[in-house]
Colleague: 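Just passing along the structure, written as structure tokens.
Along the sequence shown, residues are numbered consecutively beginning with 1. Note that the coordinates shown come from a computational prediction; the quantities given were computed from them, not determined experimentally. Both counts, for ligands and for their atoms, begin at 1 and track the order of listing. Computation of the quantities below employed the complete heavy-atom set of this structure, encompassing side-chain atoms and omitting hydrogens, waters and symmetry-equivalent molecules.
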Amino acid sequence: MKDEFVSMASHELRTPVTIIKGYLELLLADEPLPLSTEQHQFLDAMSRSTDRLERLISDLLDMSRLESGMVTIQSSVFDLKDVISQAVDEIKAGKVDHCLEIKNPEGSPAVLVEADKDRIRQVMTNLLSNAVKYSPAGSGIMVRIDDTVAGEDEGGLVKISVEDHGPGISESDIENLFQKFFRVDNSTTRSATGSGLGLAISKALVELHGGTIWVESEPGLRSTFSFTIPKKSPEKASSA
Ligand code: ADP
């Protein structure tokens, strides 16, 4: 009943939040502004809170759908490099102060995978936004694509890693990191907003692809989140 309530409540909350967001955008886009500077600041604050609420509702809905087995993978063959650079561009568009770089595998013109494009973009966006959120402004974030990982599947696996130079994560916190609603209790996390659902959702999505997600960290220096997904299967090699 609790799961059903979360699912129903998040679904019902989505429509009014979308309407509030739409009208706030209209008011903020009205030029010349019919508002005082102070009123404009209030609207900006309302707009940021509405964005946060929208993210929380969408995470709750995703989590409840994943837990009830309602999410299925819509697989297609695509170049992983494109999806990763789209996710990086999306994060950069949010005016971040970090230096984001992508290291593609040498000598691979395309890294073809067989996966759900939107879901892989969702996992990437989550890992990248965490890297930005939990590491200092101005620091570097490196995304690496490694297409030489041997896997149980005939086609092998591709490994994607996101490394940041933030506070890192202690071994005891790593144990719980991918559980829903878990947030590390320290000053960096307390000052950043979040629901503690992003990594649990990412784990479920990666596992639906038959992949694995994990983190390695040197506390005080860096965190590296990595996940694997299957390469395009050999029988589709000739058709793509
Ligand atoms: P949220 O970011 O909404 O809190 P997540 O599930 O994405 O939820 O992350 C869970 C927790 O893991 C975060 O609250 C934070 O404490 C920790 N965390 C995630 N990514 C990083 C990172 N790159 N560096 C340090 N801590 C992190």
Side-chain angles (χ1 to χ4, degrees), residues 3 6 9-10 13-14 17 48-67 71 84 87-88 90-92 94 96-103 118-145 159-209 211-228:
D3 289 347
V6 171
S10 33
L13 282 166
R14 221 158 52 159
V17 168
R48 281 195 301 277
S49 293
T50 317
D51 284 346
R52 224 172 111 187
L53 198 54
E54 197 181 37
R55 278 197 299 276
L56 176 61
I57 293 166
S58 133
D59 281 354
L60 279 170
L61 207 51
D62 267 349
M63 196 71 242
S64 86
R65 284 187 181 142
L66 280 159
E67 283 183 333
V71 176
I84 291 194
V88 167
E90 195 185 310
I91 296 289
K92 281 184 178 166
V96 296
D97 300 315
H98 295 70
C99 172
L100 281 112
E101 264 183 82
I102 305 176
K103 194 163 181 350
D118 291 339
R119 295 305 189 174
I120 296 303
R121 195 183 292 117
Q122 183 178 358
V123 173
M124 270 318 288
T125 309
N126 176 45
L127 296 184
L128 288 167
S129 60
N130 276 354
V132 166
K133 198 159 67 165
Y134 298 115
S135 68
S139 62
I141 296 170
M142 177 65 90
V143 181
R144 289 189 182 83
I145 306 172
K159 180 172 112 179
I160 305 104
S161 312
V162 179
E163 181 188 80
D164 67 58
H165 299 275
I169 305 154
S170 71
E171 243 172 72
S172 57
D173 285 327
I174 285 180
E175 278 175 34
N176 301 309
L177 210 64
F178 294 92
Q179 280 174 26
K180 62 179 175 175
F181 302 119
F182 179 82
R183 304 196 76 209
V184 176
D185 189 16
N186 62 26
S187 55
T188 318
T189 300
R190 269 194 300 273
S191 60
T193 61
S195 61
L197 284 172
L199 288 177
I201 292 171
S202 299
K203 181 175 192 288
L205 289 175
V206 168
E207 287 176 354
L208 271 180
H209 282 86
T212 320
I213 187 167
W214 69 97
V215 61
E216 290 153 298
S217 179
E218 287 177 72
L221 281 180
R222 77 189 82 233
S223 306
T224 309
F225 284 83
S226 308
F227 66 97
T228 52

Colleague: Could you tell me the residue and atom name of the protein heavy atom closest to atom 7 (O) of ligand 1, and the distance to it rounded to 0.1 Å?
Modeller: N130 ND2, 2.8 Å
Colleague: Any side-chain to backbone donor/acceptor pair from H98 onto S135? Under 3.5 Å, distance only.
Modeller: yes
Colleague: Within this structure, what is the OG-NZ distance for the pair S161 and K103, rounded to the nearest 0.5 Å?
Modeller: 12.0 Å
Colleague: Does the residue K133 have a heavy-atom contact with ligand 1, meaning some pair of atoms that are separated by less than 4.0 Å?
Modeller: yes
Colleague: So which bit of I169 gets within less than 4.0 Å of ligand 1, heavy atoms only: side chain, backbone, both or neither?
Modeller: side chain
Colleague: By number and element, which atoms of ligand 1 are closer than 4.0 Å to a non-hydrogen atom of L199?
Modeller: 5 (P), 6 (O), 7 (O), 9 (O), 10 (C), 12 (O), 19 (C)
Colleague: Against S195, only a single residue in I201, L60, D59 fulfils side-chain contact (heavy atoms from CB on, under 4.5 Å); can you say which?
Modeller: D59
Colleague: If you measure from each heavy atom of F225 to ligand 1, is any distance below 4.0 Å?
Modeller: yes
Colleague: Within the structure provided, determine whether Y134 and D164 are in side-chain contact (heavy-atom separation under 4.5 Å).
Modeller: no
Colleague: Please report which non-hydrogen protein atom sits nearest to atom 4 (O) of ligand 1, along with the residue it belongs to and the distance in Å to one decimal place.
Modeller: R183 NE, 2.5 Å
Colleague: For atom 15 (C) of ligand 1, what is the closest protein heavy atom, and at what distance to 0.1 Å?
Modeller: Y134 CZ, 3.6 Å
Colleague: Less than 4.0 angstrom from a charged side-chain N to a carboxylate O is my criterion; do R14 and E54 meet it?
Modeller: no
Colleague: Between M124 and V143, what is the shortest heavy-atom contact and its length?
Modeller: CE-CG1, 3.9 Å
Colleague: Return the closest protein heavy atom for atom 23 (N) of ligand 1 as residue, atom name and distance.
Modeller: D164 OD2, 2.8 Å
Colleague: Under a 4.0 angstrom heavy-atom cut-off, which atoms of ligand 1 come close to L197?
Modeller: 6 (O), 8 (O)
Colleague: G198 versus ligand 1: do any nitrogen or oxygen atoms come within less than 3.5 Å of each other?
Modeller: yes
Colleague: Just to confirm my output: which protein heavy-atom neighbour is closest to atom 3 (O) of ligand 1, and how far is it?
Modeller: S195 N, 2.9 Å
Colleague: Below 3.5 angstrom, do we get any N/O pair linking L177 and ligand 1?
Modeller: no
Colleague: If you define the side chain from C-beta out and look only at heavy atoms, does anything of L199 sit under 4.5 Å from L127?
Modeller: yes
Colleague: Could you see which bit of F182 sits under 4.0 Å from ligand 1, with heavy atoms only: side chain, backbone, both or neither?
Modeller: backbone
Colleague: Quick one: which ligand 1 atoms are inside 4.0 Å of a heavy atom on S223?
Modeller: 24 (N)
Colleague: Using salt bridge (charged side-chain N to carboxylate O under 4.0 Å, His left out) as the criterion, list what pairs up with D118, not counting sequence neighbours.
Modeller: R121
Colleague: Is the shortest side-chain heavy-atom distance between L100 and K92 below 4.5 Å?
Modeller: yes
Colleague: What about P167: any of its N or O atoms under 3.5 Å from an N or O on ligand 1?
Modeller: no
Colleague: Under 4.0 Å from ligand 1, counting heavy atoms only, is it the side chain of T193, its backbone, both or neither?
Modeller: neither
Colleague: More than 12 heavy atoms of other residues, nucleotides or ligands under 6.0 Å from CD of E101: is that the case?
Modeller: no
Colleague: When you compare ligand 1 with G196, is there at least one nitrogen or oxygen pair between them that comes in under 3.5 angstrom?
Modeller: yes
Colleague: Are the side chains of D173 and N186 in contact, using a 4.5 Å heavy-atom criterion?
Modeller: no
